[in-house]
Student: 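Let me give you the structure first, and then I'll get to my questions.
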Amino acid sequence: MRCLICFFVMLYCLLGADSLLAAEPEALAVDGVPNLHRITSGLLCGGAPQEPAGFDALAALGVRTVISVDGAVPAATACALRGMRAVHLPLGYDGITSTQADLIAAAVRDLPGPVFLHCHHGRHRGPAAAVTAAIILGWIPPAEGPPALTTFGIDPHYLGLIATVAAARPHDVLSVPDTELPAAAPVTATVTTMLAIDDRNQVLKRLAAGDWKKQADQEPAQEALLLRELLVELSRTPAAQAWPQAVRTATEAATTLEQNLRAGADPAQAWRALQQSCRDCHDQHRDQL
């Protein structure tokens, strides 16, 4: 028995603590951090933390570095107040290049840990980046990468992200200069507006689930109006001008939804049309962001 214990201690030292963890990410239920999972002892992944509960929860878990791969600039001040560093390495939906993957892996390895890596909802870009980094660093075997993605609920239509994880293999990565790990990377107006549209759409989903009754300071017709204005703003951004019909269809659906809500008419059909237009636009053009 003593020899067996010594063998496992030696294996632990040779491979590292993270290599002996279970393959399936561990779900953690905390306030303010959606879809939070622990991938290894030094790496967590989930959705964007909300102030103040989400950042408090991460600090309580011992997180020291927060890496965002989302388009939105992370809340560096909220992190700093809790002794955490914020790093912004935004990714697209079309996949992760080898250069980006190595940069993220180096950041996860070299920055103070545990590291929390996130995207907006914690289902697609964030998990793909985190799992890819863990494979590159040898923390989880390559075969366990694709199954790990399903734990986060990734949409199977994100073929580029899924392919990135499937192709990932362990290899050495160079440390990166601190200048390549900014707290806020530049993002386009299209990305910024799309993030605002997504946030407004989440509000409308909650209102729809509540049978379109006013909730707190959220009035359904007003929220539909704000979404419509954001879609108009989106149409003015350079990238979206390449796909005007998709934006026009969504804008018309949001306009009809607002009108129906103000008139007391059944909003169900307009709401379904709006959601479908958003799905169609996202399916066709997300890889261009």
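In this chain, residues are counted from 1 in sequence order. When reading the values below, keep in mind they use all heavy atoms of this one structure, side chains included, and skip hydrogens, waters and symmetry mates.
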Student: Atom CZ in R248, atom OG in S277: separation rounded to 0.5 Å?
Tutor: 13.0 Å

Student: Indicate yes or no: at least one non-hydrogen side-chain atom of E144 is less than 4.5 angstrom from one of W139.
Tutor: no

Student: Have H121 and D198 got a donor and an acceptor in their side chains that come within less than 3.5 Å?
Tutor: yes

Student: Can a side-chain donor-acceptor contact be found between D155 and H124 if the only test is distance below 3.5 angstrom?
Tutor: no

Student: Output the distance between atom SG (C45) and atom CD1 (I67), rounded to the nearest 0.5 Å.
Tutor: 10.5 Å

Student: Say you draw a straight line from CG of L161 to CZ of R125; how long is it, rounded to the nearest 0.5 Å?
Tutor: 8.5 Å

Student: Would you say the side chains of T249 and Q245 form a donor-acceptor pair under 3.5 Å?
Tutor: yes

Student: Count I, L, V, M, F, W, Y as connected when their side-chain heavy atoms are under 4.5 Å apart, and connections chain through other members. Are L234 and L225 then in the same cluster?
Tutor: no

Student: Please answer: with hydrophobic residues joined when any side-chain heavy atoms are less than 4.5 Å apart, are V73 and L195 in the same cluster?
Tutor: no

Student: How about D199: does its CG atom have over 12 heavy atoms from other parts shown lying under 6.0 Å from it?
Tutor: yes

Student: Indicate the atoms forming the closest heavy-atom contact of A254 with L231, along with that distance.
Tutor: CB-CD1, 3.9 Å

Student: Hey, does the side chain of H88 reach the backbone of A72 with a donor-acceptor pair shorter than 3.5 angstrom?
Tutor: yes

Student: Sub-3.5 Å donor-acceptor pair from the side chain of H171 to the main-chain atoms of R169, do we have one?
Tutor: yes

Student: Quick one: salt bridge (Lys or Arg N to Asp or Glu O under 4.0 Å) pairs with a partner in residues 226-246, sequence neighbours left out?
Tutor: R228-E258, E233-R236

Student: Check the pair L181 / D110 against side-chain contact (heavy atoms from CB on, under 4.5 Å), numbers first and verdict last.
Tutor: CA-CA 11 Å; L181 301 172; D110 296 342; over 6 Å; no

Student: Is the side chain of Q269 donor-acceptor paired with the backbone N or O of P267 at a distance under 3.5 Å, no angle test?
Tutor: no

Student: Do any N or O atoms from the side chain of T151 and from the backbone of P25 form a donor-acceptor pair under 3.5 angstrom?
Tutor: no

Student: More than 12 heavy atoms of other residues, nucleotides or ligands under 6.0 Å from CD of Q276: is that the case?
Tutor: yes

Student: Hey, could you give me the NE2/OG distance between H120 and S68, rounded to the nearest 0.5 Å?
Tutor: 10.0 Å

Student: As a quick check of understanding, evaluate side-chain contact (heavy atoms from CB on, under 4.5 Å) for I104 and L91, giving each step before the final call.
Tutor: CA-CA 10 Å; I104 293 169; L91 299 174; 3.9 Å; yes

Student: Within a strict 4.5 Å, meaning less than it, do heavy atoms of the W212 and L257 side chains meet?
Tutor: yes

Student: In the single-linkage hydrophobic clustering (I, L, V, M, F, W, Y; side-chain heavy atoms under 4.5 Å), do V131 and Y158 co-cluster?
Tutor: yes

Student: Decide whether N201 and Q275 meet the rule of one side-chain donor and one side-chain acceptor closer than 3.5 Å.
Tutor: yes

Student: Please give me the minimum heavy-atom distance between C119 and P127, naming the atom from each residue.
Tutor: SG-CD, 4.2 Å

Student: Let me confirm one number: the CG-CD1 distance from L149 to I154, rounded to the nearest 0.5 Å.
Tutor: 4.5 Å

Student: Between M194 and L226, is there shared hydrophobic-cluster membership here, with clusters defined by ILVMFWY side-chain heavy atoms closer than 4.5 Å?
Tutor: no

Student: Less than 4.5 Å apart, any side-chain heavy atom of R82 and any of R64?
Tutor: no

Student: When you check the side-chain N and O atoms of N35 and H118, is any donor under 3.5 Å from an acceptor?
Tutor: no

Student: Does A268 have any side chain to side chain contact (heavy atoms under 4.5 Å, CB included) partners at least two apart in sequence or in another chain, and if so, which?
Tutor: D266, R272

Student: Between T164 (side chain) and I96 (backbone), is there a donor-acceptor pair under 3.5 Å?
Tutor: yes

Student: For the residue pair L117 and G126, what are the closest heavy atoms and their distance?
Tutor: CD2-O, 3.3 Å

Student: Run the salt bridge (Lys or Arg N to Asp or Glu O under 4.0 Å) check on D178 and R85 step by step: do they pass?
Tutor: CA-CA 12 Å; D178 207 58; R85 174 177 175 178; 2.9 Å; yes

Student: If you compare all heavy atoms of A134 against all heavy atoms of L43, which two are closest, and at what distance to 0.1 Å?
Tutor: CB-CD2, 4.3 Å

Student: Side-chain contact test, heavy atoms from C-beta onward, threshold under 4.5 Å: evaluate it for L274 versus L227 and give yes or no.
Tutor: yes

Student: Is I197 reachable from V232 through a run of I, L, V, M, F, W or Y residues, each pair having side-chain heavy atoms under 4.5 Å apart?
Tutor: no

Student: Specify the closest pair of heavy atoms between A224 and L204, including all atoms of both residues, with the distance to one decimal.
Tutor: N-CD2, 3.9 Å

Student: Taking the hydrophobic residues Ile, Leu, Val, Met, Phe, Trp and Tyr, and joining any pair whose side-chain heavy atoms are under 4.5 Å apart, which ones share a cluster with V63?
Tutor: L28, V30, V33, L36, L44, F55, L58, L61, V66, M84, F116

Student: Are P220 and E223 packed together at the side-chain level, in the sense that at least one heavy-atom pair is separated by less than 4.5 angstrom?
Tutor: no

Student: Can you give me the closest heavy-atom contact between Q218 and L207, atom names plus distance?
Tutor: O-CD2, 3.8 Å

